[in-house]
Number of protein chains: 2
Amino acid sequence: MNARTNASAAAPMLDSHPGFERDEEGNCPIREVLDRVGDTWSLLVIINLQAAPTRFNALKRSIEGISQRMLTVTLRSLERDGLVRRTVRPTTPPEVEYALTELGHSIAVPVAALGIWAARNRDALKAARSRFDTGQL
Amino acid sequence: MNARTNASAAAPMLDSHPGFERDEEGNCPIREVLDRVGDTWSLLVIINLQAAPTRFNALKRSIEGISQRMLTVTLRSLERDGLVRRTVRPTTPPEVEYALTELGHSIAVPVAALGIWAARNRDALKAARSRFDTGQL
DNA sequence: CAGTATCCGCAAAGATACTG
DNA sequence: CAGTATCTTTGCGGATACTG
């Protein structure tokens, strides 16, 4: 159960902002997307796959710190949403390759834009944060 | 936990993607940003403030489903990061207005880009999802 | 190699009550 | 009005062990 499964009355003026309009059920698209891709590992996986299709353990080695379980879970979730395609070659040992779909590549674009913002403003964030913290002492 | 320890086997080549380069501590900027803004409520608050500066309870009414506590927590966090400015007018009853800073407005841009992607592709996601789920039965 | 199956801790979020 | 103070619940993600 989720906090944003709340369908009720008062319509906020969110509708003027693209991507933030509520649908019939009261959800806004960007929240849905963030709920899928805003977790700890999804974006990291997408980015790693953007470079080239990759096999399971190679991916695991690329993404420092991810557990086997979370890689599996994340990949399943992305596959489910049509962002990643899973291809099995029935050799022994089995060979499973993961690749981005068209949809997967397309989301990488706005994500990269956010990435650029992040890279450019991380210092500003850090500065603001320490300013706030010292002022708070 | 260093990201570069196994550069020999599977080079992540993350460094070619803007916003995803690891820093000295092994963090990538976009992860840091998502850790701050990728939570349940931050983006919703930012978007609501993008329209106009808003007072606490008005904000609470705009954002359907947010608890008083989470609004406070979210606003503090955004203020700490320099994305939101808090202005108190010492009247009775007190009047507190929240507004986006320049930094706050600037992040709304890439966020809107992601919002547009979300709005355009939500149906594709939903379709992929139900396709996957029925295939799984 | 590429996964499943469990168990569990911890932090994020919700509910509720109270205050300057 | 604009918060703070607690308490409780939820669920993500880590650790570990086992399999085709």
Side-chain angles (χ1 to χ4, degrees), chain A residues 1-8 27 31-32 34-45 48-49 53-81 84-99 136, chain B residues 1 6 9-10 26-27 31-32 34-45 48-49 53-81 84-99 132 136:
Chain A
M1 190 57 68
N2 219 324
R4 43 223 169 265
T5 47
N6 43 33
S8 42
N27 301 115
R31 274 244 52 84
E32 295 181 352
L34 279 172
D35 284 346
R36 294 184 159 64
V37 137
D39 62 276
T40 315
W41 301 110
S42 287
L43 286 182
L44 250 11
V45 168
N48 271 271
L49 288 179
T54 316
R55 294 176 57 182
F56 186 87
N57 276 335
L59 212 42
K60 184 169 186 319
R61 267 175 262 116
S62 302
I63 305 172
E64 203 83 15
I66 196 171
S67 66
Q68 198 164 21
R69 179 180 170 278
M70 286 319 294
L71 182 54
T72 302
V73 169
T74 303
L75 284 169
R76 284 286 172 280
S77 165
L78 293 174
E79 189 194 357
R80 192 171 176 228
D81 289 334
V84 159
R85 176 165 30 247
R86 179 174 179 269
T87 314
V88 190
R89 218 129 24 124
T91 59
T92 43
E95 193 175 319
V96 181
E97 189 182 80
Y98 291 92
Q136 223 60 1
Chain B
M1 274 231 307
N6 60 348
N27 303 116
R31 273 244 54 83
E32 295 181 352
L34 280 173
D35 285 345
R36 295 184 158 65
V37 138
D39 62 275
T40 314
W41 300 110
S42 288
L43 285 181
L44 250 11
V45 169
N48 271 272
L49 288 180
T54 316
R55 293 176 58 181
F56 186 87
N57 275 334
L59 212 43
K60 184 168 184 323
R61 267 175 262 116
S62 301
I63 306 173
E64 202 85 13
I66 196 170
S67 66
Q68 199 163 21
R69 180 179 170 279
M70 286 318 294
L71 182 54
T72 303
V73 169
T74 302
L75 284 168
R76 285 285 172 281
S77 165
L78 293 174
E79 190 192 357
R80 192 173 177 224
D81 288 334
V84 160
R85 179 168 24 252
R86 179 174 179 270
T87 313
V88 190
R89 222 139 10 134
T91 58
T92 43
E95 193 176 319
V96 181
E97 190 182 79
Y98 291 92
F132 183 91
Q136 223 61 0

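Chain A is the first sequence line, chain B the second, and so forth, proteins listed ahead of strands; every chain is numbered from 1. When reading the values below, keep in mind they use all heavy atoms of this one structure, side chains included, and skip hydrogens, waters and symmetry mates.
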Non-neighbouring partners of B/P94 that pass side-chain contact (heavy atoms from CB on, under 4.5 Å), sequence neighbours left out: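 Listed in chain order: nothing, the list is empty.
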To the nearest Å, give me how far apart [atom1] ([X]) and [atom2] ([N]) are.
{"X": "B/R76", "N": "C/dA13", "atom1": "CZ", "atom2": "P", "result": "17 Å"}
{"X": "A/E97", "N": "C/dC1", "atom1": "CD", "atom2": "P", "result": "16 Å"}
{"X": "B/L75", "N": "D/dT4", "atom1": "CG", "atom2": "P", "result": "10 Å"}
{"X": "A/E64", "N": "D/dG14", "atom1": "CD", "atom2": "C1'", "result": "16 Å"}
{"X": "A/E95", "N": "C/dG3", "atom1": "CD", "atom2": "C1'", "result": "15 Å"}
{"X": "A/L71", "N": "D/dC12", "atom1": "CG", "atom2": "P", "result": "17 Å"}
{"X": "B/L59", "N": "D/dC1", "atom1": "CG", "atom2": "C1'", "result": "14 Å"}
{"X": "B/K60", "N": "C/dA13", "atom1": "NZ", "atom2": "C1'", "result": "14 Å"}

Sugar-phosphate, base or nothing in reach of A/R89, heavy atoms under 4.0 Å: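 A/R89: no heavy atom of the nucleic acid under 4.0 Å.
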Counting only side-chain heavy atoms from C-beta out, which of [options] sits nearest to [X]?
{"X": "A/V96", "options": "C/dT4, C/dA2, D/dG3", "answer": "C/dA2"}
{"X": "B/Q68", "options": "D/dG14, D/dG3, C/dT4", "answer": "D/dG3"}
{"X": "B/R55", "options": "C/dC1, C/dT4, D/dA2", "answer": "D/dA2"}
{"X": "B/P93", "options": "D/dT4, C/dG3, D/dC1", "answer": "D/dC1"}

Duplex segments of DNA chain D, taken as runs of at least three Watson-Crick or G-U pairs that stay under 3.5 Å: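 Ordered by first number, the stems with DNA chain D (at least 3 consecutive pairs each) read C:1-20 with D:1-20.
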Salt bridge (charged side-chain N to carboxylate O under 4.0 Å, His left out) partners of A/R85, counting only residues at least two apart: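 Counting only residues at least two positions away or on another chain, A/R85 forms no salt bridge (charged side-chain N to carboxylate O under 4.0 Å, His left out).
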side-chain hydrogen bond (donor to acceptor under 3.5 Å, both in side chains) against B/R69, all qualifying residues, sequence neighbours excluded: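 side-chain hydrogen bond (donor to acceptor under 3.5 Å, both in side chains) list for B/R69, sorted by chain: empty.
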Gap between atom CD of A/Q68 and atom NZ of A/K60 - 0.5 Å precision: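 One finds 6.0 Å between NZ of A/K60 and CD of A/Q68.
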All pairs passing side-chain hydrogen bond (donor to acceptor under 3.5 Å, both in side chains) where residues 71-81 of chain B contributes a residue, at least two apart: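 Only A/R129-B/D81, A/D133-B/R80, B/R36-B/D81 qualify under side-chain hydrogen bond (donor to acceptor under 3.5 Å, both in side chains).
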Residue mapping more 5' on DNA chain D - nearest nucleotide basis, A/P94 or A/I66: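 Here A/I66 is the residue nearer the 5' end.
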Taking the side chain as everything from C-beta on, heavy atoms only, tell me whether [X] gets closer than 4.5 Å to [Y].
{"X": "A/I66", "Y": "A/T40", "answer": "no"}
{"X": "B/F56", "Y": "B/L75", "answer": "yes"}
{"X": "B/I63", "Y": "B/N48", "answer": "yes"}
{"X": "A/V88", "Y": "A/R86", "answer": "yes"}

Test item: B/S62 side-chain N/O and B/A58 main-chain N/O as donor-acceptor pair under 3.5 Å: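 Yes, the answer is positive, given that a donor and an acceptor are paired below the 3.5 Å cut-off.
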Protein-to-nucleotide contact annotation, 5' to 3' order, nucleotides 7-12 of chain C [B base; S sugar-phosphate only; - none; under 4.0 Å, heavy atom]: ------
Phosphate OP1/OP2 of C/dG3 contacted by A/Y98 side-chain N/O (<4.0 Å):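 Yes, within the criterion.
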